[in-house]
2 protein chains.
Amino acid sequence: MPKAKRPVSPYAADAAVRLGQLIRRGRIDRHMTVAALAERAGVSRGLIQRIEAGDTGCTIGAVFEAAAIVGVRLFDAGQVTMSRDVESARELLTLLPKAIRSHRTEPDDDF
Amino acid sequence: MPKAKRPVSPYAADAAVRLGQLIRRGRIDRHMTVAALAERAGVSRGLIQRIEAGDTGCTIGAVFEAAAIVGVRLFDAGQVTMSRDVESARELLTLLPKAIRSHRTEPDDDF
DNA sequence: TTCTTATGGCCTATTTATGGATCAAACGTG
DNA sequence: CACGTTTGATCCATAAATAGGCCATAAGAA
């Protein structure tokens with residue numbers, strides 16, 4: 001058997017890979033070497049390689065750091081860049097409870 | 001002295017916090033308890049709490065996993081949801097070199 | 001081509017995150 | 001209000017990420 005590290009869903013793995021690709025592209029666009037990015041991010045060269053490879057075991061601190069340096073922004077200064085930011089409306093209706101009164105064991109799923 | 005864990009830039013820390021907030025909102029919207037989300041994500045309850053708090057020390061695997069479950073998608077099935085996805089054009093022009101010939105020690109910065 | 005450098009993979013020591021339990025306080029409901 | 005539940009925070013043992021080296025190979029420049 002290979003190495004059953006920490007299992008992640010296909011989506012999570014895919015998302016990590018895509019983010020890694022974005023970072024790599026951003027780095028290359030800026031003519032930076034992996035070593036240079038590593039130095040600026042304050043991490044090791046190997047870690048940058050794993051981040052660009054989409055390793056799900058990297059901390060978001062390191063990943064977001066690298067992303068920021070090469071210009072990949074998931075969030076646009078103050079506003080979230082999401083497909084559906086319609087959600088922001090609902091928060092006013094619900095007024096976000098702090099504790100959830102769960103009765104239904106199985107939440108309505110969708111993926 | 002406080003805790004000088006792994007230093008991260010303000011942006012990276014902020015991005016992590018925002019993502020955590022999105023996850024929390026998504027969870028509450030779906031009437032899920034922290035424990036329920038933890039179980040579905042296959043992680044501990046404490047980890048979900050740290051993720052929602054924006055702890056930069058969490059692995060992207062765990063964070064993206066939680067995000068996916070509560071419906072927070074940074075990437076829209078096949079297409080990246082970024083402010084500037086114009087970049088996809090450039091990759092055809094440049095044809096992305098695999099190795100960077102760095103001369104300039106200091107890359108053109110912007111933030 | 002030849003040379004120089006970037007990259008990627010592997011390894012090990014160390015640092016760190018994670019799981020699991022526990023506890024107190026806050027919360028929602030009847 | 002009083003109840004049961006959720007949340008948040010802490011502690012510790014353990015699993016895992018990270019640093020940092022090394023080496024082989026690929027890639028760009030002359």
Side-chain angles (χ1 to χ4, degrees), chain A residues 2-8 12 16-17 20-21 23-25 27-66 70 94-105 107, chain B residues 1-8 12-13 16-17 20-21 23-25 27-66 70 94-105 107:
Chain A
K3 319 184 179 191
K5 307 214 167 186
R6 285 186 184 282
V8 289
V17 170
Q21 291 174 337
I23 292 175
R24 162 175 274 261
R25 186 179 308 172
R27 174 180 64 82
I28 294 178
D29 280 349
R30 302 196 173 201
H31 300 286
M32 294 180 67
T33 85
V34 175
L37 175 54
E39 186 181 21
R40 292 199 75 216
V43 299
S44 67
R45 191 168 63 90
L47 181 53
I48 296 295
Q49 288 179 167
R50 262 178 302 160
I51 289 175
E52 292 189 350
D55 191 325
T56 53
C58 307
T59 60
I60 55 174
V63 178
F64 283 0
E65 190 73 41
V70 299
T94 318
L95 272 201
L96 297 189
K98 293 186 179 178
I100 303 301
R101 219 58 192 182
S102 91
H103 312 287
R104 28 194 337 183
T105 324
Chain B
M1 52 209 80
K3 326 176 183 183
K5 305 211 169 190
R6 284 186 185 280
V8 287
V17 170
Q21 291 174 337
I23 293 175
R24 163 176 273 262
R25 186 183 309 172
R27 174 179 65 81
I28 295 178
D29 280 350
R30 303 199 170 198
H31 300 288
M32 293 181 68
T33 129
V34 174
L37 174 55
E39 186 181 21
R40 294 200 73 214
V43 299
S44 68
R45 190 169 65 91
L47 180 53
I48 295 295
Q49 288 180 166
R50 264 177 301 164
I51 289 175
E52 291 189 349
D55 190 324
T56 54
C58 307
T59 60
I60 55 174
V63 178
F64 283 1
E65 190 73 41
V70 300
T94 317
L95 273 201
L96 295 189
K98 294 187 177 179
I100 303 301
R101 219 58 193 184
S102 88
H103 315 285
R104 27 196 337 181
T105 325

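Per chain, numbering begins at 1; letters A, B, ... match sequence-line order.
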Q: Measure from CD1 on Ile48(A) to P on dG9(C) and round the result to the nearest Å.
A: 15 Å
**Q.** salt bridge (Lys or Arg N to Asp or Glu O under 4.0 Å) partners of residues 41-51 of chain A, not counting sequence neighbours, each pair once
**A.** none
Q: Quickly work out the Ile60(B) CD1 to dA17(C) P distance and round it to whole Å.
A: 15 Å
**Q.** Least distance between heavy atoms, Ala53(B) atom then Val17(B) atom
**A.** O-CG2, 4.2 Å
**Q.** Terminal axes of the helix from dT1(C)-dA30(D) to dG30(C)-dC1(D) (five pairs each): angle between them, nearest 10 degrees
**A.** 80°
Q: Can you see which heavy atom on Leu47(B) is nearest to which on Ala62(B), and at what distance?
A: CD2-CB, 3.9 Å
(Q) Please give me the minimum heavy-atom distance between Ile51(B) and Cys58(B), naming the atom from each residue. (A) CG1-SG, 3.9 Å
Q) For the pair made of CD1 in Ile100(B) and C1' in dG28(D), what is the distance, rounded to whole Å? A) 10 Å
Q | Residue from Ile28(B), Val70(B), Ile48(B) passing side chain to side chain contact (heavy atoms under 4.5 Å, CB included) with Ile23(B) | A | Val70(B)
(Q) Strictly below 4.0 Å: does Arg101(A) bring a side-chain N or O up to OP1 or OP2 of dT6(D)? (A) no
Q. Quick one: which of dC27(C), dA17(C), dT7(C) gets closest to the side chain of Thr59(B)?
A. dA17(C)
Q) Which part of the nucleic acid, if any, lies within reach of Gly42(A) when heavy atoms closer than 4.0 Å are counted: base, sugar-phosphate only, or nothing? A) sugar-phosphate
Q. Which pair of heavy atoms, one from Gly61(A) and one from Val8(B), lies closest together, and at what distance?
A. CA-CG1, 4.0 Å
Q.
Without decimals, in angstroms, what is the distance between Arg30(B) CZ and dT6(D) C1'?
A. 20 Å
Q | Whole-Å distance separating the CD1 atom of Ile51(A) from the P atom of dT7(C) | A | 14 Å
Q: For the side chain of Leu47(A), starting at C-beta, report the closest nucleotide among dT7(D), dA17(C), dA19(D).
A: dA19(D)
Q) Of all heavy-atom pairs between Val34(A) and Gln49(A), which one has the smallest distance, and what is that distance? A) CG1-CG, 4.0 Å
Q) On DNA chain D, nearest-nucleotide positions of Ala35(B) versus Thr56(A): which is more 5'? A) Ala35(B)
Q. Which of the following nucleotides, dT7(C), dA19(D), dT7(D), is nearest to the side chain of Arg27(A)?
A. dT7(C)
(Q) Without decimals, in angstroms, what is the distance between Glu39(A) CD and dT7(C) P? (A) 14 Å
Check nucleotides 20-26 of chain C for protein N or O atoms closer than 3.5 Å to its own N or O atoms and list the pairs.
unit_1: dT22(C); atom_1: O4; unit_2: Arg45(B); atom_2: NH2; d: 3.4

Q. Rounded to the nearest 0.5 Å, how far apart are CD of Glu52(B) and CG of Leu37(B)?
A. 6.5 Å
Q: Nearest whole angstrom, please: distance from the P of dA15(D) to the CZ of Arg6(A).
A: 10 Å
Q | Rounded interatomic separation in angstrom, taking CG from Asp55(B) and P from dT10(D) | A | 13 Å
Q. Which one, dG4(D), dA6(C), dA29(D), comes nearest to the side chain of Ala99(B)?
A. dA6(C)
**Q.** Minimum heavy-atom distance Ile100(B)-Arg27(A), with the two atoms named
**A.** CG1-NH1, 3.9 Å
Q) Picking from dT29(C), dG8(D), dT6(D), which would you name as closest to the side chain of Thr33(B)? A) dT6(D)
